[in-house]
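In what follows, a structure is listed as structure tokens, so that the remarks can point back to it.
Throughout, protein chains are lettered first and strands after them, A, B, ... in sequence-line order, and every chain is numbered starting at 1.
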Amino acid sequence: MRNDNDIRTEAGTALLAVQKQRAAAADRLVTPWWYHPCLAVLVGVMIAVQAAHSPVATTIVVALVVSGMGLLASSYQRITGVWVSGCRRGRAGRITLALVASYVALVLVGGFLDYVLGQRWAFVAAGAVAAILTIVLGRRFDETLREELRAGS
Amino acid sequence: MNSPTGFDPVIHAPNRLQICALLSAVDSAEFATVRDAVGVSDSVLSKQVRTLQEAGYISVRKAPLGSRTHTWLALTKSGRSAFDAHVAALQQILATKTPESTPA
């Protein structure tokens with residue numbers, strides 16, 4: 001018959017196994033160097049194309065960007081063997097929220113400057129800023145996620 | 001010692017615990033990735049995945065990639081809750097003091 005110490009030892013071994021697998025997952029989450037720059041270009045172009053004031057151009061670009069994002073995601077999955085969306089609890093999830101909120105803010109500011117004040121360059125600048133934020137916060141998301149997984153949270 | 005609330009015998013088996021631990025860290029993982037991480041054969045992993053699937057803890061999705069079909073595994077919402085509860089139960093077991101370890 002197992003005593004309490006045996007049960008406690010088994011629980012400890014099980015928790016170590018859990019931590020080992022989460023650390024292994026963290027090791028796998030190494031995003032290829034080109035992933036964030038490619039994503040940045042796609043996001044930046046999607047915002048910048050609004051400067052054209054052309055529904056046809058916007059529709060074509062959005063379709064191309066969505067296809068490009070799909071291709072990017074499937075390449076990431078093929079290389080790493082895992083998929084992690086940005087929608088998760090914790091600090092990493094908050095970075096995704098901050099990135100999405102910054103996209104919305106940039107589009108709103110760009111729209112105000114372009115449509116109200118007539119500054120046609122506004123959407124191009126907003127696209128460039130969005131691209132830079134995508135690279136910076138995208139890499140921060142990866143680092144934070146790996147830290148969280150290794151810390152067991 | 002009684003099993004604390006949340007302790008799940010379906011998850012507790014060593015291979016299944018490792019499968020759930022890996023999947024809890026990601027949204028989904030490819031079958032071969034899980035197999036290599038856990039260090040089991042295809043057939044062993046298939047059997048464990050089927051058990052977890054029957055318990056409603058894992059979803060299995062087939063996705064064509066090039067000329068091959070890849071199998072992707074993910075914890076379901078109830079699987080994620082059950083795994084979190086199981087880990088909490090293990091931590092509770094570990095934190096429980098034995099009578100002899102309690103200071104007099």
Side-chain angles (χ1 to χ4, degrees), chain A residues 1-31 69-93 96 141-153, chain B residues 1-4 6-9 11-40 61 63-66 68 70-75 80 83-84 86-102:
Chain A
M1 186 183 285
R2 295 187 311 161
N3 61 30
D4 284 0
N5 279 335
D6 291 339
I7 294 170
R8 200 168 288 110
T9 303
E10 188 183 317
T13 306
L15 284 171
L16 276 177
V18 168
Q19 190 47 41
K20 186 183 144 211
Q21 284 303 330
R22 292 178 72 85
D27 291 340
R28 281 202 156 265
L29 293 171
V30 179
T31 307
M69 285 178 173
L71 199 63
L72 207 52
S74 66
S75 301
Y76 178 95
Q77 290 175 25
R78 195 175 59 245
I79 291 167
T80 63
V82 295
W83 177 245
V84 177
S85 78
C87 306
R88 51 191 305 126
R89 285 176 287 177
R91 282 189 302 135
T96 307
F141 171 86
D142 282 1
E143 288 164 12
T144 305
L145 180 59
R146 281 195 291 271
E147 282 171 17
E148 285 180 348
L149 291 177
R150 289 202 177 99
S153 56
Chain B
M1 184 186 288
N2 293 327
S3 295
F7 187 91
D8 192 326
I11 291 175
H12 191 63
N15 287 337
R16 292 200 287 270
L17 182 72
Q18 290 190 70
I19 293 166
C20 290
L22 179 66
L23 293 178
S24 73
V26 297
D27 284 9
S28 56
E30 216 251 309
F31 186 92
T33 301
V34 179
R35 178 198 62 205
D36 295 345
V38 178
V40 293
R61 178 175 61 90
L65 196 67
R68 296 178 59 195
H70 290 250
T71 303
W72 285 79
L73 311 174
L75 278 183
R80 209 165 274 276
F83 176 73
D84 289 345
H86 185 71
V87 170
L90 292 174
Q91 287 165 339
Q92 194 183 328
I93 290 171
L94 212 56
T96 307
K97 288 182 177 168
T98 54
E100 57 268 29
S101 69
T102 308

OG1-CG distance between A:T31 and A:L29, expressed to the nearest 0.5 angstrom
7.0 Å
Using a 4.5 angstrom heavy-atom cutoff, name the option from A:A17, A:A14, A:A26 with the most pairs to chain B.
A:A14
Is it the case that the side chain of A:E148 and the backbone of A:A92 share a donor-acceptor pair, with hydrogens and angles ignored and the cut-off at 3.5 Å?
yes
Contact listing (chain A partner; residues 24-34 of chain B; heavy atom under 4.5 Å):
B:S24, B:A25, B:V26, B:D27, B:S28, B:A29, B:E30, B:T33
At a 4.5 Å cut-off on heavy atoms, which part of B:H70 comes close to chain A: side chain, backbone, both, or neither?
neither
Could you check if a side-chain atom of B:H86 sits within less than 4.5 angstrom of a side-chain atom of B:L17, using non-hydrogen atoms only?
yes
Please flag which part of A:T80 lies under 4.5 Å from any non-hydrogen atom of chain B: side chain, backbone, both or neither.
backbone
Give, as side chain, backbone, both or neither, the part of B:N15 having an atom under 4.5 angstrom from any heavy atom of chain A.
neither
Could you tell me which of A:K20, A:Q77, A:R78 has the largest number of non-hydrogen atom pairs under 4.5 Å with chain B?
A:Q77
Is it the case that the side chain of A:Q21 and the backbone of B:A37 share a donor-acceptor pair, with hydrogens and angles ignored and the cut-off at 3.5 Å?
yes
Residue B:Q92 versus chain A: region with a heavy atom under 4.5 Å
neither
Please work out whether the ring planes of A:W83 and A:Y76 are parallel, tilted or perpendicular, with thresholds of 30° and 60°.
perpendicular
If we only count heavy atoms from C-beta on, is the A:D27 to A:R150 side-chain gap below 4.5 Å?
yes
Keeping the roles fixed (side chain from A:R8, backbone from B:T96), state whether a donor-acceptor pair exists under 3.5 Å.
yes
Can you tell if the side chain of B:F83 reaches within under 4.5 Å of the side chain of B:L23, non-hydrogen atoms only?
no
Minimal heavy-atom distance between B:C20 and B:L75, with the atoms involved, is O-CD1, 3.8 Å
